[in-house]
Undergrad: 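I'd like to ask you about the structure that follows.
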Amino acid sequence: MSSTVRAAAKINLHLGVGAPREDGFHPLDTVYQAISLYDDVTVSDAETDSLSVAGSPHVDVAGVPTDATNIAVRALSEASCETRHHVQIAKQIPVAGGMAGGSADAAAALLAHDRLHDLGQADDVLLAQAARLGSDVPFSLVGGTARGRGRGELVEPIVDLGTWWWVVVPATVGLSTPEVYRHFDRLHPDAPAQPAEPAELLAALATGEPVRLARALHNDLQDPAIDLRPELGELIVRGEAEGALRGMVSGSGPTCVFLCDSQEGSMEVVAALSASYDVVLSAVGPVAGAHVVSTREAEWDLR
């Protein structure tokens, strides 16, 4: 038997970062949104543990681990099970792009494993497992639009009355998340202990008005990411000049996302940016969190 679960990419509509705590983690106050770029993770019964990864034409999976260090494989150990598994990941979410593709894979693997073996674990149990795997994994389970606090792992769904159209431009070279945080610390040695709250953004989401949301978008990691990679700032200027309401770095980067006023507007920005950038994608949000798309007899073997 096999179970396939689909999980979405995330973007941060607001990312407030505080000074590092004693444990080295930065306190966050963030608003996540799941958008319509997906990874599918299939977990199947097998005679030996194995993993395979494939990418859509715009996703380079060369840097994705294919051994036990892959977060989707590690997710399977969160629930006790004697069965061996094959994990198959089909990626549409850019790799190392600040869109939580690895976290999406972990959330999908958790849910696929639970459904494959009829474990029937409660939502709060799955969320606790997700939090142990990484800060963004709980949101990948929940999806929609949600506020994250702590390290981002304390997730609370919020009111979002909009349908938001995004243009996504992945970078060809990744950007180290730890390095972006270190550079944030260098740029902000007097950062407050508590991060900025997203009051205006929450109000904008409740109105469903794209212009108001565009004005409220905020990312404390954008300046350090652009300082490390100035071409990201040039891309944001270009996208806004081509008609996007607002451009921003997604999370710690290097992917940039652009909020547009409509589906038609997003298609116009895609067309304009495609003249200069190899991969330009359109997506809509919010979308659902990790969800089962099929459970069936396994259709592969290891011969």
Side-chain angles (χ1 to χ4, degrees), residues 8-17 30-37 55-60 63 91-101 162-177 179-181 183-184 187 200-201 204-205 209-286:
K10 68 87 182 167
I11 58 176
N12 299 82
L13 309 184
H14 174 96
L15 181 52
V17 180
T30 187
V31 175
Y32 299 110
Q33 185 169 103
I35 64 172
S36 59
L37 297 175
S56 59
H58 67 267
V59 176
D60 181 3
K91 295 195 67 64
Q92 188 186 55
I93 303 172
V95 175
M99 303 188 77
T163 297
W164 313 104
W165 290 95
W166 300 93
V167 171
V168 178
V169 185
T172 56
V173 179
L175 185 57
S176 165
T177 295
E179 177 56 25
V180 174
Y181 274 99
H183 200 43
F184 171 85
L187 294 176
E200 177 54 33
L201 186 125
L205 289 169
E209 298 176 2
V211 172
R212 184 168 179 181
L213 180 64
R215 291 172 179 161
L217 296 174
H218 174 80
N219 181 3
D220 277 341
L221 295 183
Q222 177 162 300
D223 285 348
I226 290 175
D227 204 43
L228 292 168
R229 295 276 292 277
E231 67 271 21
L232 301 180
E234 296 167 4
L235 170 56
I236 290 171
V237 171
R238 171 74 184 278
E240 292 177 349
E242 297 292 357
L245 296 176
R246 178 82 181 275
M248 66 187 304
V249 173
S250 177
S252 60
T255 298
C256 290
V257 297
F258 298 87
L259 178 63
C260 299
D261 60 2
S262 63
Q263 183 179 16
E264 180 181 4
S266 71
M267 292 296 98
E268 291 174 355
V269 174
V270 167
L273 292 180
S274 294
S276 303
Y277 296 90
D278 292 336
V279 179
V280 184
L281 308 169
S282 177
V284 65

Undergrad: Side chains of S252 and T177: any donor to acceptor distance under 3.5 Å?
TA: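 Yes, a side-chain donor-acceptor pair sits under 3.5 Å.
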Undergrad: With sequence neighbours left out, write down each residue that passes salt bridge (charged side-chain N to carboxylate O under 4.0 Å, His left out) with E240, or none if nothing qualifies.
TA: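 Applying salt bridge (charged side-chain N to carboxylate O under 4.0 Å, His left out) to E240 gives none.
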Undergrad: Would you compute the distance between atom CD of E209 and atom CG of L245 and round it to the nearest 0.5 angstrom?
TA: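 Separation between the atoms: 12.0 Å.
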Undergrad: Look only at the side chain of S250 and the backbone of G98, and say whether a donor-acceptor pair between them is shorter than 3.5 Å.
TA: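 Pair found, side chain donor or acceptor close to backbone of G98.
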Undergrad: Quick one: list whatever passes salt bridge (charged side-chain N to carboxylate O under 4.0 Å, His left out) with R246, sequence neighbours left out.
TA: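 Per chain and number, R246 pairs via salt bridge (charged side-chain N to carboxylate O under 4.0 Å, His left out) with no residue.
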Undergrad: Identify the heavy atoms of N219 and L15 that sit nearest to each other, and give their distance.
TA: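 That closest heavy-atom pairing would be OD1-CD2, 3.4 Å.
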Undergrad: Between N12 and Y32, is there a side-chain heavy-atom distance shorter than 4.5 Å?
TA: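 Yes, side chains in contact.
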Undergrad: Are the side chain of Q222 and the backbone of V249 linked by a donor-acceptor contact shorter than 3.5 Å?
TA: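 It does hold such a pair.
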Undergrad: At their closest point, which heavy atom of C256 faces which heavy atom of I236, and how far apart are they?
TA: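 That would be SG-CG1, 4.1 Å.
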Undergrad: Nearest 0.5 Å please: distance from the CG atom of L228 over to the NE2 atom of H183.
TA: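 Reported value, rounded in 0.5 Å steps: 4.5 Å.
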Undergrad: Under a 3.5 Å distance rule, please check whether S36 uses its side chain to pair with a backbone N or O of V284 as donor and acceptor.
TA: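 Yes: the side chain of S36 pairs with the backbone of V284.
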Undergrad: Flag the pair V211 / D261 as yes when at least one side-chain heavy-atom distance between them is below 4.5 Å, and no otherwise.
TA: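 No, every pair of side-chain atoms sits at 4.5 Å or beyond.
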Undergrad: Could you tell me the separation between the CH2 atom of W165 and the CG atom of L259, rounded to the nearest 0.5 Å?
TA: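 Between atom CH2 of W165 and atom CG of L259 there are 12.0 Å.
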Undergrad: What side chain to side chain donor-acceptor pair (under 3.5 Å) pairs are there with at least one residue in residues 268-278, not counting sequence neighbours?
TA: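 Checked against side chain to side chain donor-acceptor pair (under 3.5 Å) - neighbours excluded - the pairs reaching residues 268-278 are R238-S276.
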